Amino acid sequence: MEKDQIALILEEIGTLLEIRGENSFRCQAYHAGARALRQLEGDLSALVREKQLQSVPGIGKTLAEKISTLAVTGKLDFYEELRAATPSGLLQIVRLPSVGPKKAMTIYQQLGVSDIAELKAACLDSRVASLKGFGPKTQKKILEGIEFLGQVGQRVRIDQAEAIARAVLDELAEVPGVIRIELCGSLRRRRETINDLDILASSADPGPLMERFARLRGVVEVIGKGDTKCSVTLDRNRYGGASLRINADLRVVRDDQFAFALHYFTGSKEHNVAVRARAQKMGLKLNEYELADTNRSIPCKDEAELFQVLGMDYISPEMRENMGEIEAAAARQLPRLVCLEDLQGTFHCHTNWSDGAATIEEMAEAARALGLKYLGIADHSQSLTIANGLTPDRVRIQHAEIDRLNSRMNGFRIFKGTECDILPDGGLDFTDDVLASFDYVVASVHSHFNQSEDEMTTRIIRAVSHPLVTMLGHSTGRVLLRRDGYKVNLEQVLRAAARHGTMVEINAHPQRLDLDWVHCKRAKSLGVGLVINPDAHRTEEIGLLRFGIDVARRGWLEMKNVFNTQAIDQIAPLLRYKASRAIQSPQLA
DNA sequence: GCCGTTTTCGGCCCGACTGTTTTCAGTCG
């Protein structure tokens, strides 16, 4: 069984134990274990085989045994027994807002209600409101929560969340008395999908901000509102887009509390716990309002000062996942993360020669306008007829066109590339002599997504082992929140890429964003070269590169790990390097 | 259930808010 599946089971065990009223720290341990597993770099089966699971923070003796059992046999008696003893519908019920494990258990024991449908019926004839500790408002919230479940998926893509957040910040910034205001939470950490918006502001007078927030243009419901904290549901259609709902929280603090609150509400939770533990060891107390020793508060005007007092270098929000960043910051060994301004060009863009909307020249001019020094054109290859893939004859004509454009583009270079299909058997969609006519080759899977994991892994490894393949395109084929990627053992693919000097793409399109950040970090440690590509089909999509930078930073990448930070005069010889290396070392081919 | 430069036992974040109460339990982040 794979680690993501096992993580889901650990999470479910944690929730089931909560419903049964188990010690909350024991429940937490299962949730923490699930998260540790998800963020695990490298091969789970190897860790299991070598009995090294316990070396992973958050996984102790018990969890290591249970994970091993699941990994090897795909079954776990402890889990089966828990499931048998607790109606599975309760797992849905505890996810409803304002319902937690205690209320779920009360509903089950007092009313015999064990799934959402029964709960809805119980609310409609007011049986829920009559329970001790419940009332009409709770019942109404539960009903609304059931409706909400029907109409929305929970997470939202980062680009969508960001657009709504910008509109909200613009409205709030006008409110008199606002001193500082920032986005926090997973959006500030630049995760690929976002659950809700967290906004933090400082002001000596929170009242007007709270009022304004509850009346924002996008608000369809006020979930809760106090003196310093307010929660609302926003709908994007109030800002002119298609309907998309997301919850948003605003917290207002005094300005001298802002640095602590910003760190606290940025998270991640795991990072916060670890930082607080570090503070405790230093005899300090850290919470969302202050840092203090036994007799006095230690003022910090911003996060940089906060980290400094705790003996650490500044940790960028993207790295705050308790994945080693605290130790690295304390040892003054944090990487200098790559940033958008470091990018000199990019390699995976389409034009109207295949399924893009713009001409080669328009794409090149758009890239130049963004400050880039070169652009790689990688239109689809011949077998992708649905995207008007290029035949070898059209490739030759396109190359002549690129030569013509290059002859008059001062200080800018268009590189000749292809996004060449990886055929079902791992072969490539052009013959070697055609492939050799390009400056570089991006190899991608666009067909036969439902091969077995072994077939797909073998297929992709064969492609990245080819001496003329420069980089692997979108490595999992996922479309975020719409479809999972194909089944592939990325660990093996990354190892093959490292062995053959083939780069792996970070696809910057916010609908895709593969390689994900965990594998990105793994690729770095395996010595795989990464390249950030927008997969642009229109001129304005070249700007999507910034979402690829987010992934790179979450994956701890530095300039030297990202190929397209190289200056224009370095690029051409480096693109030829792999082919020449293969010729010199034929055993690699 | 995890963890250890004060601990192999005893901590593990805790404050805001809501809805139900009439002083507080449960949820949430």
Side-chain angles (χ1 to χ4, degrees), chain A residues 10-11 13-19 21-37 53-67 78 93-107 128-142 144-145 184-186 195-200 206 210 214 222-232 247-253 257 260-261 263-292 311 322 330:
Chain A
L10 293 184
E11 254 169 22
I13 292 175
T15 307
L16 288 167
L17 291 173
E18 279 168 8
I19 293 172
E22 277 289 337
N23 174 301
S24 67
F25 298 107
R26 186 180 174 212
C27 305
Q28 279 306 315
Y30 280 93
H31 290 296
R35 209 183 136 95
L37 203 54
L53 263 176
Q54 271 195 76
S55 66
V56 178
I59 297 178
K61 187 160 177 286
T62 308
L63 283 183
E65 277 171 19
K66 292 191 160 87
I67 293 168
F78 175 66
I93 290 176
V94 289
R95 292 209 184 93
L96 292 168
S98 82
V99 182
K102 296 280 191 327
K103 285 211 167 86
M105 203 54 180
T106 303
I107 289 166
V128 171
S130 65
L131 289 172
K132 185 175 164 57
F134 291 63
K137 290 201 174 175
T138 304
Q139 179 168 277
K140 183 160 172 282
K141 276 207 161 167
I142 291 174
E144 286 168 356
C184 322
S186 49
N195 215 7
D196 50 20
L197 304 179
D198 294 299
I199 299 164
L200 174 72
M210 303 298 288
V222 177
I223 300 165
K225 182 163 169 287
D227 294 338
T228 62
K229 183 185 169 187
C230 182
S231 299
V232 300
N247 288 342
D249 292 338
L250 171 70
R251 197 60 100 89
V252 184
V253 298
Q257 299 169 325
F260 310 106
H263 179 257
Y264 181 87
F265 290 112
T266 296
S268 65
K269 203 161 84 182
E270 288 73 9
H271 169 91
N272 287 355
V273 167
V275 169
R276 217 167 15 242
R278 180 178 172 84
Q280 274 167 5
K281 272 182 209 155
M282 297 171 74
L284 302 170
K285 173 175 171 277
L286 175 67
N287 60 32
E288 62 251 66
Y289 301 116
E290 67 168 357
L291 178 66
N322 195 26

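Computed from a predicted structure; not experimentally measured. All chains are named by letter (A, B, ...) in the order of the sequence lines, taking the proteins before the strands, and each is independently numbered beginning at 1.
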Could you tell me whether Lys132(A) contacts a base, only the sugar-phosphate backbone, or nothing, with contacts defined as non-hydrogen atoms closer than 4.0 Å? nothing

Sticking with atom C1', work out how far dC13(B) lies from dT8(B), rounded to a whole angstrom. 24 Å

Can you give the first and last nucleotides of DNA chain B, 5' to 3', that have an atom under 4.0 Å from a heavy atom of chain A? dG1(B) to dG29(B)

Looking at every strand, decide which applies to Ser231(A) at a 4.0 Å heavy-atom threshold: base, sugar-phosphate, or nothing. nothing

Interatomic distance, Asp249(A) atom CG to Cys230(A) atom SG [nearest 0.5 angstrom]: 8.5 Å

Reported CG-to-CD distance for the pair Leu16(A) and Glu11(A), which is rounded to 0.5 angstrom: 11.5 Å

When the P atoms of dC12(B) and dT7(B) are compared, how many Å lie between them, rounded to an integer? 16 Å

Reading DNA chain B from 5' onward, which residue's closest nucleotide shows up sooner: Gly226(A) or Lys61(A)? Lys61(A)

Heavy atoms only, 4.0 Å cut-off, all strands: where does Lys269(A) land among base, sugar-phosphate and nothing? nothing

Does Thr62(A) or Cys230(A) map to a spot on DNA chain B nearer the 5' end, using the closest nucleotide for each? Thr62(A)

Between Ile199(A) and Arg251(A), is the side chain to side chain contact (heavy atoms under 4.5 Å, CB included) condition met? List the steps. CA-CA 6 Å; Ile199(A) 299 164; Arg251(A) 197 60 100 89; over 6 Å; no

I'd like the C1' distance from dA16(B) over to dG11(B), given in whole Å. 24 Å

When we call it a touch if two heavy atoms are under 4.0 Å apart, what does Lys140(A) touch: a base, just sugar-phosphate, or nothing? nothing

Which part of the nucleic acid does Gly58(A) contact within heavy-atom distance under 4.0 Å: base, sugar-phosphate only, or nothing? sugar-phosphate

What's the gap between dT20(B) and dA25(B) when it is taken at their C1' atoms, as a whole Å value? 9 Å

So, taking the atom named CG in Leu197(A) and the one named OG in Ser231(A), what distance separates them when rounded to the nearest 0.5 Å? 11.5 Å

Within the structure shown, what part of the strands sits under 4.0 Å from Asp227(A) by heavy-atom distance: base, sugar-phosphate, or nothing? sugar-phosphate

Partner of dT18(B) by Watson-Crick or G-U wobble geometry, both contacts under 3.5 Å, or none? dA25(B)

Write down the atom of Leu63(A), the atom of Ala29(A), and the distance for their closest heavy-atom approach. CD1-O, 3.5 Å

Checking all strands, does Tyr30(A) fall into the base, sugar-phosphate, or nothing category for heavy-atom contacts under 4.0 angstrom? sugar-phosphate

Among Thr15(A), Ile13(A), Ile19(A), which residue meets the side-chain contact (heavy atoms from CB on, under 4.5 Å) test with Leu17(A)? Ile13(A)

Would you sort out whether His263(A) and His271(A) count as a side chain to side chain contact (heavy atoms under 4.5 Å, CB included), showing the intermediate values? CA-CA 10 Å; His263(A) 179 257; His271(A) 169 91; 3.0 Å; yes

With C1' as the reference atom in both, quote the distance from dG15(B) to dG10(B) in angstrom, rounded to an integer. 24 Å

Euclidean distance for P, dT5(B) against dG1(B) (whole angstrom): 23 Å

Whole-Å P distance, dC2(B) and dT6(B): 23 Å

